[in-house]
Amino acid sequence: MTLRPRWVTVCFLSALLLHPARATILSFDNVNATVTTPDDYNYNPETGGGTYNDPGASIVELDVNGSNADFHTGSGWQVALHTSGLFAYEGALQLAFNAAISAGTGAWSTWGFLAAGVFAQNAHTVGDTWYYALRRDEGGGNYGYGWVEIERNAADTWTILGSGYNSEGGILAGETGSSGGGGEGGGGGEGSVVPEPNVISFFLIGAFAMLYARNERLRRRRLARA
């Protein structure tokens, strides 16, 4: 059986329409919010910005105290633990680039996330860079997952480098949308999002529809001349 070109086009467009949408990832590069003891920085993963020494409720807060840094979470945000200890001081889970962050994967599938308002503490060697796993309840028991990247610059200086968040499910540590720039000094990075493939599909559908219409006009003209 020979498929006519117009049916090939229709089948291709149908496949595009049925392609599942990929979740949008909100990410911020080059946040560069540097915190030196005894300061703290209250970071917002949804805006890429934050405030220093904010007495209000924590969102994702880096609090430097001498050679240690406390990582507070609040306003619905939680950070993954790496132990089953009774105290938050036992530590937040430290991840490498590209580690999977989602329900049922990683150490938090056993040990869980810290409740909002509780904090974790970790000591690191100067020059270390790592990721913390975040999550937030988006309603109905559905969680979004994210990451925040932190670097220890000096004995008493730490920096939030960037973050990423997927409100619809899992994410990889360090995963971002299209590359973005950003401001320095805690002013907030440039946000990036991964476009929904269905949006791209609609653009392709429009292009193929125009091509199909053109081919149909040419076909009818040839038939009329025959």
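Going from atom CG of D40 over to atom CG of D63 covers 5.0 Å, rounded to the nearest 0.5 Å. Atom CD1 of residue I171 and atom OH of residue Y145 lie 12.0 Å apart, to the nearest 0.5 angstrom. One distance of note links CH2 of W147 with CG of L134; it measures 10.0 Å at 0.5 Å rounding. Atoms OH and OG1, on Y52 and T36 in that order, are 8.0 Å from each other to the nearest 0.5 Å. Rounded to the nearest 0.5 angstrom, R136 CZ and N142 CG are separated by 13.0 Å. A distance of 9.5 Å separates CD1 of I150 from OG1 of T159, quoted to the nearest 0.5 Å.
Counting only N and O atoms by type, the side chains of S27 and Y165 include no donor and acceptor under 3.5 Å apart.
Heavy atoms only, all atoms of each residue included: S102 and G170 are closest at CB-CA, 3.7 Å. Closest heavy-atom contact between W158 and D156: CD1-C, 4.1 Å. Nearest heavy atom pair, residue I101 against residue G146, reads CD1-O, 3.5 Å.
Scored by the side-chain contact (heavy atoms from CB on, under 4.5 Å) test, T51 finds N42, D54 as partners (sequence neighbours excluded). The side-chain hydrogen bond (donor to acceptor under 3.5 Å, both in side chains) check on N53 picks up D39, with sequence neighbours excluded. Evaluation of the ring pair (Phe, Tyr, Trp, His ring centres under 6.0 Å) rule for Y143 yields no partner, not counting sequence neighbours. Remark: E151 pairs with T129, N153, L161 by the side-chain contact (heavy atoms from CB on, under 4.5 Å) rule, at least two apart or across chains. N44 meets the side-chain contact (heavy atoms from CB on, under 4.5 Å) test with E46, T47, I59; sequence neighbours excluded. Partners of L172 by side-chain contact (heavy atoms from CB on, under 4.5 Å), not counting sequence neighbours, listed by chain and number: N98, A100, E175.
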- Task: Using the side-chain contact (heavy atoms from CB on, under 4.5 Å) rule, take W77 and Y43 through it: C-alpha gap first, then chi angles, then the decisive distance, then the call.
- Result: CA-CA 11 Å; W77 293 91; Y43 178 66; over 6 Å; no
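Classified by interplanar angle (parallel below 30°, tilted 30° to 60°, perpendicular above 60°), the ring pair F97/Y131 is tilted. Ring planes of F71 and Y132: tilted class, angle from 30 to 60°.
Under the side-chain contact (heavy atoms from CB on, under 4.5 Å) test applied with V60, the options S75, S163, P45 reduce to a single match, P45.
Judged by distance alone, with hydrogens and angles left aside, the side-chain atoms of R135 form no donor-acceptor pair with the main-chain N or O of D137 at under 3.5 Å.
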